[in-house]
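Start at 1 and go down the list; that is how both ligands and their atoms are numbered.
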Amino acid sequence: MRSHAILAVLAGAAIATPVPQGLDFAAVDAVQPKPEPTIPVFEAKAAQTTVSFVASQAASSVVSAVLADPTDTSLKMAKRADNSGCTVEPASGDTADAFLANPQYPAAANSAATPNGYSLAYQNKQASSQGVYGYMGYAVLDTYDVQLCSSKCDAVQGCSSFNIYFERDPVVDTTPTCTDPASETVIKCVYYGGPVSAASATNNGQHRRDFQVAIAGSNGYVSNAIETPDGYTGPVPLGNAAINAPLDCNGEDTYMGVKIFTEGAFDASLCAAACSAQSTHNLKNPPANGEAQTCQFFNTYVLYKNNKAVGQYCSLYSESWPASFATNNGQYRGDDHYTINYSYTFSNTTANADKPVGCTNPNSPQ
Ligand SMILES: *[C@@H]1O[C@H](CO)[C@@H](O)[C@H](O)[C@H]1NC(C)=O
Ligand SMILES: *[C@@H]1O[C@H](CO)[C@@H](O)[C@H](O)[C@H]1NC(C)=O
């Protein structure tokens with residue numbers, strides 16, 4: 001009987017310590033899945049683009065616009081007759097297998113120096129990245145120049161990572177009478193507003209009729225810079241985990257909900273804008289008896305569903321929690337695996353003024 005009573009008490013304790021901010025699947029389900037961007041494999045140079053990103057004060061007014069790159073018109077602008085590339089038979093040996101066996105591509109990928117301010121995410125893959133958060137356009141380069149690709153990324157507002165690779169593209173588009181034209185090697189530099197990772201390097205080409213698009217020497221780099229929004233301290237990096245805060249020492253629930261962004265680039269200032277707006281709203285609408293809860297802290301990260309980015313997740317809190325509370329390493333729902341990457345927290349610089357009284361035990365916010 002006695003042990004039974006202890007069990008009951010433990011069960012009660014478990015209920016009294018909720019984990020209110022596990023992934024909010026209602027919010028996740030409300031997000032429209034983003035289609036994979038199409039990066040052309042034919043006349044790619046003529047179609048080079050950058051996606052512009054403007055982070056505005058209001059999180060709701062983040063705008064993305066696609067700008068055609070007007071500067072580069074040198075290659076294949078005049079559309080050829082469909083069959084012209086097929087008037088010349090592809091040279092013998094012009095095959096995807098030969099492309100994938102060409103030692104020049106691994107040599108270039110393996111000898112490239114990592115640009116200042118970036119970290120190497122993966123090297124010499126025979127696949128480009130897909131499912132990455134925040135596609136921001138691409139350029140076609142004349143040489144496999146990682147430094148140049150990084151400076152192009154730096155010039156695109158919001159770009160924080162890039163993928164550079166060799167691609168076996170058809171010299172003309174395939175048609176029913178031209179199913180396997182000659183190939184050319186195109187060097188692509190693709191920009192993202194969120195992190196590329198080894199897990200994203202899974203696009204190993206496609207078939208266009210009999211022509212096989214293939215990829216080699218694919219390297220991914222992520223910027224080390226994370227901008228801190230005005231009025232905040234941080235970032236505190238949490239890697240692949242999210243904050244999972246219990247009630248604070250006063251028994252207060254500090255979790256204030258979630259915002260998920262799907263447009264533009266990963267940007268902590270979007271969460272900061274949401275956090276401040278939530279405080280403004282709450283202060284204008286205080287509860288009948290008690291103080292309005294204001295947002296003082298947030299955890300932001302890229303949420304992935306089966307390795308494909310869902311969006312930039314922002315969890316808002318009324319008090320700061322240290323990294324030791326980053327215990328959510330992702331969750332399964334059915335067969336779907338939701339994971340967390342690129343996780344950071346930021347605290348209101350003046351938040352200490354709002355620290356609850358008496359929260360000195362290790363189970364409470366700092
Ligand atoms: C998440 O991060 C881990 C380690 O930092 C990395 O190995 C993995 O590829 C990442 N996953 C995604 C989907 O970005
Ligand atoms: C930080 O908290 C203080 C006190 O609640 C508040 O006045 C201020 O607006 C907050 N700062 C930001 C950037 O939200």
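With respect to Y221, the ring-ring contact (aromatic ring centres under 6.0 Å, His included) criterion is satisfied by exactly one of Y191, Y122, Y118, F162: F162. Shown are V236, T345, N328; of these, the side chain to side chain contact (heavy atoms under 4.5 Å, CB included) with I243 is made only by T345. With respect to Y255, the side chain to side chain contact (heavy atoms under 4.5 Å, CB included) criterion is satisfied by exactly one of S315, S318, P246: S315.
At least one N or O atom of Q296, backbone or side chain, sits closer than 3.5 Å to an N or O atom of ligand 2. Of the N or O atoms in T294, none lie within a sub-3.5 Å distance of an N or O in ligand 2.
Taking every heavy atom of T350 and a limit of under 4.0 angstrom, the matching atoms of ligand 2 come to 1 (C), 2 (O), 3 (C). Listed by atom number, the atoms of ligand 2 under 4.0 Å from N348 heavy atoms are 1 (C), 2 (O), 3 (C), 8 (C), 10 (C), 11 (N), 12 (C), 14 (O). Listed by atom number, the atoms of ligand 2 under 4.0 Å from Y232 heavy atoms are 13 (C), 14 (O).
In the model, S197 has no side-chain atom that pairs as donor or acceptor with a side-chain atom of Y342 under 3.5 Å.
Judged by the 6.0 Å distance and 45° axis criteria, R168 is positioned over the aromatic ring of F211.
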